[in-house]
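Convention: sequence-line order gives letters A, B, ...; per-chain numbering from 1.
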Amino acid sequence: MNDFFRLESLVMQFGGLTAVKDFSLSIEPGELVGLIGPNGAGKTTVFNMITGFLTPTSGRVLWQGEDITGLSVHQITARGIARTFQNIRLFSDMTVLENVMVSFHHKVRSRFWKAMLGLPSHGKEERRIRQESYRFLQELNLGHLADEKAGNLAYGQQRRLEIARALATYPKLLLLDEPAAGMNPQETMELADLVLEIRQKHALTIFLIEHDMKFVMGLCERIKVLDYGISIAEGTPEEIQSNPDVIKAYLGEPKHA
Amino acid sequence: MTWKGKDMDTSKRNLYCNLAALCLLAVVLYLFDQYGTEYQIRILNNMAVFITLAVSYNLVNGMCGLLHLGPNAFITIGAYTSALLTMSPMEKQMSFIIEPLIWPFSVLQAPFFVSLIAGGVMATIFAFIISFPVFRVRGDYLAIVTLGFGEVIRVLCNALQGVTNGPLGLKGLQPYTNLWWSWGIAVFTIIVITKLVNSSYGRAMKAIREDEIAAKAMGVDPFRHLMLAFLVSAFFCGVAGGLMAHLITTISPTLFTFFLTFNLLIIIVVGGLGSTTGAVIGAALFAWGGEALRVVESPMNFGAFTIPGIPGMRMVLFSVILMVVIIFARRGIMGRNEFSWNWLFTKLGLNAK
Ligand SMILES: Nc1ncnc2c1ncn2[C@@H]1O[C@H](COP(=O)(O)OP(=O)(O)OP(=O)(O)O)[C@@H](O)[C@H]1O
Ligand SMILES: [Mg+2]
């Protein structure tokens, strides 16, 4: 048991449907953990419970010794948990740079009336935000697109911008919901390197959902498997690959060699 | 790459350009003030009041992407508050013949400027109270709640005779609103709201407009920021209401119906939702056009036959203009673009690079 991040018997019911049942998981600082499972298994629902988009029917989310279950989304972000979305959600009509700058807002210190009166303290903070945001863009190879509208980016670039935006909230735990979805093999490989790189550089703990098995198995140190809302396995990539329950969940029938 | 060097030069140039533009405006206003006809001055005053209204209304509808249909409520509150404060206790006693004016309004009197601020503050207080039910919902529901609030205020204006003098309204206000007041406040509103929109707070508002779910996930609290926009908007609507009252010098509940909101909506949609420049252009066109198009409501003589004046014809024309703009320029005159000196200098070929 650790005090860093712990999910205790999370349950999520939608009417009669139990999307997630008795989900428990504990993650150590610096770990890279994967969450896999067939479509509709409840993976995104787990993320939504962690980030406050859904309040679990029962169970608790513990973060750095605090029970954050039921806090609102922005409060949880402010405590150092950031996420990306499975179906990309950028601020399409804003520039790439502005997309990242939004993430700094929750830490802005000058009050709104200082901004309205154009006081220098706000201008100074604004310039700092602009520069730091630009650094995040450079880190994700988006620097040359800073003034482009986010909606005009290519798909892979949009996925990277989502990551840049999440990083700019300065999280300790980063949740990635299918970051490789829609990417070609080349892009997926680059993404894997990028994930390792940002983890190193920002001292991140990463929890990710992904369907691309090669990506997950190559990257994650530990994997959790969900099927119909029930966690059926947890272990290293090798253990998961040889686990009969997992094979059954994915292929329907046990595989005969 | 550094942003600094370039930023410093352009911001200095922009500052000078802004000051020059303000001086030019002051000269123009001075000339009209001295030599303009009463008719021209009225149009200019109207223009300024509508610019103030449109720019602040656009903060909620354009920048935050909400369909707020109750600005007329805040204009009403501002107008009545301001009017009740500038009237002398004596005048008030004489006006309120059906039911006496309640204390403390019956004895209070304040200078014009103080009354305008009080109008803005009162509107903000009401906005604060209704923001709790309003921001529980979004979309069409929010439109209906705010629309309902506008109606409630109008009905209350008719019913609460001890405060508003009911349908009789308030008459004989001093015509304090002159070009300096109306344009001074319009310019102040534009500056302050532009600064807000371009700040981190404005970015948060736009992020909520673009994708509220993503905005929350990036740490933005939608309630706080929508409320901020709503209250700032209500404040300036209230102030503009005070200006309006002392421009027309007679106010009654019929002045502030949903019709006023509808006009503002046309202005910001035609100008370009989400563009302060667009709101200014829309308001200016509306105020000027509203007067210029009066001819279509007067009887017309085409030699062989005469058309009798059709009251309301202007509104028909406005609606047609709205439809044409929406069909041919779906995002209005400006879209979401803003005027900038940089853009102007590039157009004029004066920009290096
Ligand atoms: N807000 C909601 N209301 C009702 N049902 C929901 C809601 N969110 C998710 N569900 C249901 O819960 C189940 C799990 O959905 P979830 O999105 O978590 O699956 P997933 O594992 O992320 O699948 P995918 O791989 O397709 O993304 C699905 O049956 C889904 O329809
Ligand atoms: Mg999912």
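Interatomic distance, B:D221 CG to A:H106 NE2, rounded to the nearest 0.5 Å: 12.0 Å. One finds the CG atom of B:D211 at 10.0 Å from the CG atom of A:N99 (value rounded to the nearest 0.5 Å).
By the neighbour-count criterion of 12 heavy atoms within 6.0 Å, atom CZ of B:F113 is sparsely surrounded, having that number or fewer from other residues, nucleotides or ligands. By the 6.0 Å contact criterion, CG on A:N87 is enclosed, its count of non-hydrogen atoms from other residues, nucleotides or ligands being greater than 12. More than 12 heavy atoms of other residues, nucleotides or ligands lie within 6.0 Å of NZ in A:K107, so this atom counts as buried by the packing criterion. Within 6.0 Å of CZ in A:F14 there are more than 12 heavy atoms belonging to other residues, nucleotides or ligands. Crowding of B:F128 atom CZ: a count of heavy atoms from other residues, nucleotides or ligands under 6.0 Å not exceeding 12. Counting heavy atoms of neighbouring residues, nucleotides and ligands inside a 6.0 Å radius, atom CZ of B:F223 exceeds 12 of them.
Proximity to chain A is absent for every atom of B:V197, based on heavy atoms less than 4.5 angstrom apart. Heavy atoms closer than 4.5 Å to chain B are found nowhere in A:F104, neither backbone nor side chain. For A:F85, the part lying under 4.5 angstrom from a heavy atom of chain B is the side chain only. At a 4.5 Å heavy-atom cutoff, the contact between A:T169 and chain B is made by side-chain atoms alone. The contact between A:S110 and chain B is made entirely by backbone atoms, counting heavy-atom distances below 4.5 Å. Interface remark: A:I81 contributes no atoms to any contact with chain B (heavy atom separation under 4.5 Å).
No donor-acceptor pair closer than 3.5 Å links the side chain of A:E98 to the backbone N or O of B:R203.
With respect to chain B, the highest number of heavy-atom pairs below 4.5 Å among A:L117, A:V108, A:V73, A:I129 belongs to A:V73. Comparing A:R83, A:R111, A:E162 by how many heavy-atom pairs each has under 4.5 Å with chain B, the most go to A:R111. When the candidates A:G143, A:A78, A:S92, A:P171 are compared by the number of heavy-atom contacts under 4.5 Å with chain B, A:S92 comes out ahead. Taking chain A as the reference chain and counting heavy-atom pairs below 4.5 Å, the highest number among B:A215, B:G274, B:A217, B:P222 is found for B:A217. Comparing B:L196, B:I213, B:V192 by heavy-atom pairs within less than 4.5 Å of chain A, the highest count is held by B:I213. Top candidate by heavy-atom pairs under 4.5 Å with chain B, chosen from A:E126, A:H105, A:M101, is A:H105.
Of all heavy-atom pairs spanning B:S199 and A:H122, the tightest one is CB-CE1, 3.2 Å. For A:A115 against B:K195, the heavy-atom pair with the smallest separation is O-CB, 3.4 Å.
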Applying side-chain contact (heavy atoms from CB on, under 4.5 Å) to A:M116 and B:Y201, what does each step give before you reach the verdict?
CA-CA 9 Å; A:M116 291 175 82; B:Y201 291 89; over 6 Å; no
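The shortest side-chain heavy-atom distance between B:S200 and A:E125 does not fall under the 4.5 Å cut-off.
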